[in-house]
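Here it is: the structure, laid out below.
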Amino acid sequence: ETGVTQTPRHLVMGMTNKKSLKCEQHLGHNAMYWYKQSAKKPLELMFVYNFKEQTENNSVPSRFSPECPNSSHLFLHLHTLQPEDSALYLCASSQEAGGTDSYEQYFGPGTRLTVT
Amino acid sequence: KQEVTQIPAALSVPEGENLVLNCSFTDSAIYNLQWFRQDPGKGLTSLLLIQSSQREQTSGRLNASLDKSSGRSTLYIAASQPGDSATYLCAPGGGTYKYIFGTGTRLKVLA
């Protein structure tokens, strides 16, 4: 595997279900990100992890719970979602997410989530 | 708050044309700007990253320019091909990771 991978690629869940999205990066990066892409809206940053520490929570509802056990893996735990949470969830990574340097972000293919 | 506008929202051109995609942003205090392409239902592919100290970057048929003071970036695509059909997104970086995305330009290159 190369780059950034995400599983599952598609997920349909009911509002009472609990599910998790997984992201893995094979680039040796230290920062990982979750983004949400809804139809006809710009990509929205949700969470940022730098060296396994969460450095950004962009006012995301608590029904989305991120987990970063190590620099290569990132999870997004989902519970009691709403239909408006249906979207493409994208994971990204970069060398770091701190300091004064800026780093290129690399994205995974996304998980298409449908909440029924 | 950074706001990003991309014009045009959609573009359909015959193969072989040279193209200009525009991106404007309201806050010029950026560290860099990244251009991506996104194929339908897929993730984003990084095309070019321009640091705030640079004026332009080139990769193959792609050339991106950055005018930070006026809050503008332009992506030039030379000799367009059907394989270039995708949505192109620009994202100025206001901090080391705070990329703010535009809604994109949806490009279709006709064979």
Side-chain angles (χ1 to χ4, degrees), chain A residues 2-7 9-10 21 23 25 27 29-51 53-59 87-114, chain B residues 1-10 23-54 57 59 62 64 66 68 73 86-106:
Chain A
T2 58
V4 181
T5 59
Q6 291 186 243
T7 55
R9 294 295 308 279
H10 301 272
L21 309 185
C23 175
Q25 58 92 3
L27 300 167
H29 289 165
N30 297 301
M32 297 187 78
Y33 313 76
W34 280 117
Y35 287 87
K36 176 184 178 182
Q37 188 175 37
S38 304
K40 300 188 178 179
K41 292 173 81 173
L43 213 63
E44 300 172 64
L45 179 65
M46 300 174 71
F47 300 103
V48 180
Y49 278 83
N50 194 37
F51 292 93
E53 298 296 320
Q54 187 181 123
T55 56
E56 180 87 9
N57 177 337
N58 196 21
S59 303
L88 182 67
Y89 288 84
L90 292 162
C91 173
S93 71
S94 67
Q95 187 61 45
E96 287 184 28
T100 57
D101 294 324
S102 53
Y103 299 98
E104 194 168 359
Q105 291 196 2
Y106 295 82
F107 282 76
T111 294
R112 173 68 64 187
L113 174 67
T114 303
Chain B
K1 181 184 172 186
Q2 179 75 280
E3 292 183 6
V4 182
T5 303
Q6 291 189 244
I7 293 173
C23 171
S24 61
F25 45 94
T26 55
D27 185 351
S28 61
I30 63 171
Y31 280 71
N32 60 26
L33 186 141
Q34 199 165 353
W35 280 93
F36 297 88
R37 71 172 276 170
Q38 185 175 29
D39 294 286
K42 302 284 181 64
L44 278 65
T45 300
S46 177
L47 298 173
L48 292 162
L49 171 69
I50 312 176
Q51 302 291 352
S52 61
S53 58
Q54 298 175 314
Q57 277 282 4
S59 176
L62 304 179
L66 174 63
K68 210 174 88 159
S73 179
T87 296
Y88 290 80
L89 299 164
C90 77
T96 55
Y97 56 80
K98 287 184 183 293
Y99 287 97
I100 305 297
F101 285 78
T103 50
T105 293
R106 193 169 60 254

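None of these values were measured; they are calculated from a predicted model. Below, chains carry the letters A, B, ... as their sequence lines are ordered, and counting in each starts from 1.
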Quiz item: Quick one: what part of L88(A) sits under 4.5 Å from any heavy atom of chain B, side chain, backbone, both or neither?
Solution: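 For L88(A), side-chain heavy atoms alone lie under 4.5 Å from chain B.
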
Exercise. Please tell me if the side chains of L43(A) and L44(B) come closer than 4.5 Å, counting only heavy atoms from C-beta onward.
Key: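 They are in contact (side-chain heavy atoms under 4.5 Å apart), so the answer is yes.
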
Quiz item: Measuring heavy-atom distances to chain A, does Q6(B) have an atom under 4.5 Å in its side chain, in its backbone, in both, or in neither?
Solution: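 Interface part for Q6(B): neither.
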
Self-check item: Proximal component of Q37(A), with respect to chain B [non-hydrogen, under 4.5 Å]
Solution: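 For Q37(A), side-chain heavy atoms alone lie under 4.5 Å from chain B.
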
Quiz prompt | Pair L90(A)-K42(B), side chain to side chain contact (heavy atoms under 4.5 Å, CB included): steps then yes or no | solution = CA-CA 9 Å; L90(A) 292 162; K42(B) 302 284 181 64; over 6 Å; no

Practice problem: Please check if the side chain of Q34(B) supplies one atom and the backbone of Q105(A) the other of a donor-acceptor pair under 3.5 Å. | Solution: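 At least one qualifying donor-acceptor pair exists.
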
Practice problem: Could you tell me the separation between the CZ atom of F101(B) and the NZ atom of K41(A), rounded to the nearest 0.5 Å? | Solution: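 The distance works out to 15.5 Å.
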
